[in-house]
Amino acid sequence: LFSSILFSMNKIYPELTPRQMSIIRGTSIGDGSLRIHGVTGSLGLGQGSKQLPYLEWKCNELFPLITASIHRITSKDHLVRGKIFRATEGYCVSSRSHPLLTEFYHQIYPNGGRVKSFNQEYFDALDPLAIAVWYMDDGNLAYGKYQSTEGLGLRIYPSITINTQAFSKEANEQIASHLTNKYAIY
């Protein structure tokens, strides 16, 4: 029992497994939201209504860090810089606080704030599961086509994209270089 519990500042925190840390690493740079409450970090998760089974999977995988119920959220139509955004439905849940989440927060947001940064140590720790979770959070699969100029053939090819708009331009360049060098992902 004591091997699965971390004691810190008179609080008891569950010890996280390597699998749980991978899921947290992936979702923290994806749709997950790390935040600091007082001195300890927590993780917020949110997904659209079509991704509810995926959110439930993450909650089950991250137990006992996440023990709260998933809440349904809705938004109304709203206008942002002249563009109309239609009402949406989604789901969210928050984790318990944990010192590891505080550490991850400071690695991703070294200056606080909302712009994510590239941290070599953090990205070195991304394993295939973390990258898969990141892709499931922020990725998409698209198909393109190419027809030769001579009209002799048509090639259809898939393209995988991970949206990284929450990172600075410099961080995006570092991420691209890191993924190319470590995993041969172009």
- Test side-chain contact (heavy atoms from CB on, under 4.5 Å) applied to Tyr135 and Leu141, step by step: CA-CA 10 Å; Tyr135 171 75; Leu141 174 64; 3.6 Å; yes
- Do Asp137 and Lys58 pass the salt bridge (charged side-chain N to carboxylate O under 4.0 Å, His left out) test, and can you show the C-alpha distance, the side-chain angles, and the key distance before you say yes or no? CA-CA 11 Å; Asp137 278 13; Lys58 283 198 271 189; 2.9 Å; yes
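In this structure, Leu16 CG and Leu62 CG are separated by 8.0 Å, a value rounded to the nearest 0.5 Å. Here CZ of Arg19 is found 12.0 Å from CD1 of Ile24. Values are rounded to the nearest 0.5 Å. Atom NE2 in His178 sits 6.0 Å away from atom CG in Leu126 (nearest 0.5 Å). Once rounded to the nearest 0.5 Å, the distance linking CD1 of Ile73 with CD of Gln47 reads 10.0 Å. Rounded to the nearest 0.5 Å, atoms OG (Ser42) and CZ (Arg35) are 4.5 Å apart. Taking CZ of Arg25 as the start and CD of Gln107 as the end, the distance is 7.5 Å to the nearest 0.5 Å.
What you find for Ala68 and Val93 is that their closest heavy atoms are O-CG2, 3.7 Å. The shortest heavy-atom contact between Leu55 and Cys92 is CD2-N, 4.2 Å. Across all non-hydrogen atoms, the minimal contact from Ser117 to Phe123 is O-CE1, 4.3 Å.
The closest donor-acceptor contact from the side chain of Ser75 to the backbone of Thr88 lies under 3.5 Å. Within the 3.5 Å criterion, the main-chain N or O of Gln20 finds no donor-acceptor partner in the side chain of Glu61. Under the 3.5 Å distance criterion, the side-chain polar atoms of Thr102 are matched with a main-chain donor or acceptor of Gly41. Asp138 places no side-chain N or O within donor-acceptor distance of the main-chain N or O of Trp134, the cut-off being under 3.5 Å. With hydrogens and angles disregarded, no donor-acceptor distance shorter than 3.5 Å links the side chain of Ser177 to the backbone of Glu173. Listed for the Asn172 side chain is a donor-acceptor partner under 3.5 Å among the backbone atoms of Thr164.
Contact of the Ser97 side chain with the His37 side chain is not registered, since no non-hydrogen atoms from C-beta on lie closer than 4.5 Å. Contact annotation: the side chain of Thr40 approaches that of Tyr13 to within less than 4.5 Å [non-hydrogen atoms, C-beta and beyond]. Within the 4.5 Å cutoff, the side chain of Glu170 has no heavy atoms near those of the Phe118 side chain. Using a 4.5 Å heavy-atom cutoff, the side chains of Pro14 and His98 are in contact. Looking at Trp57 and Val133, their side chains come closer than 4.5 Å, going by heavy atoms from C-beta outward. Within the 4.5 Å cutoff, no side-chain heavy atoms of Ile29 are placed close to those of Ile175.
Under the 4.5 Å side-chain heavy-atom criterion for grouping Ile, Leu, Val, Met, Phe, Trp and Tyr, Phe63 is not connected to Leu100 through any hydrophobic cluster. One hydrophobic cluster, built from ILVMFWY side chains closer than 4.5 Å, holds both Tyr122 and Tyr183.
With sequence neighbours left out, the ring-ring contact (aromatic ring centres under 6.0 Å, His included) criterion links Phe167 to no other residue.
Of the options Leu101, Leu34, Ile23, Leu45, a side-chain contact (heavy atoms from CB on, under 4.5 Å) to Ser28 is made by Leu34 and by none of the others. For the side-chain contact (heavy atoms from CB on, under 4.5 Å) with Ile185, the qualifying choice from Ile160, Ile162, Leu179 is Leu179, the only one to do so. Considering Lys50, Arg72, Lys76 in turn, Arg72 is the only one that fulfils the salt bridge (Lys or Arg N to Asp or Glu O under 4.0 Å) rule with Glu89.
Atom CD1 of Ile84 sits in a sparse spot, with 12 or fewer heavy atoms from other residues, nucleotides or ligands closer than 6.0 Å. More than 12 heavy-atom neighbours from other residues, nucleotides or ligands sit within 6.0 angstrom of CD on Gln120.
Taking the six-membered ring where the residue is Trp, Tyr109 and Tyr105 present tilted rings, their angle falling between 30° and 60°.
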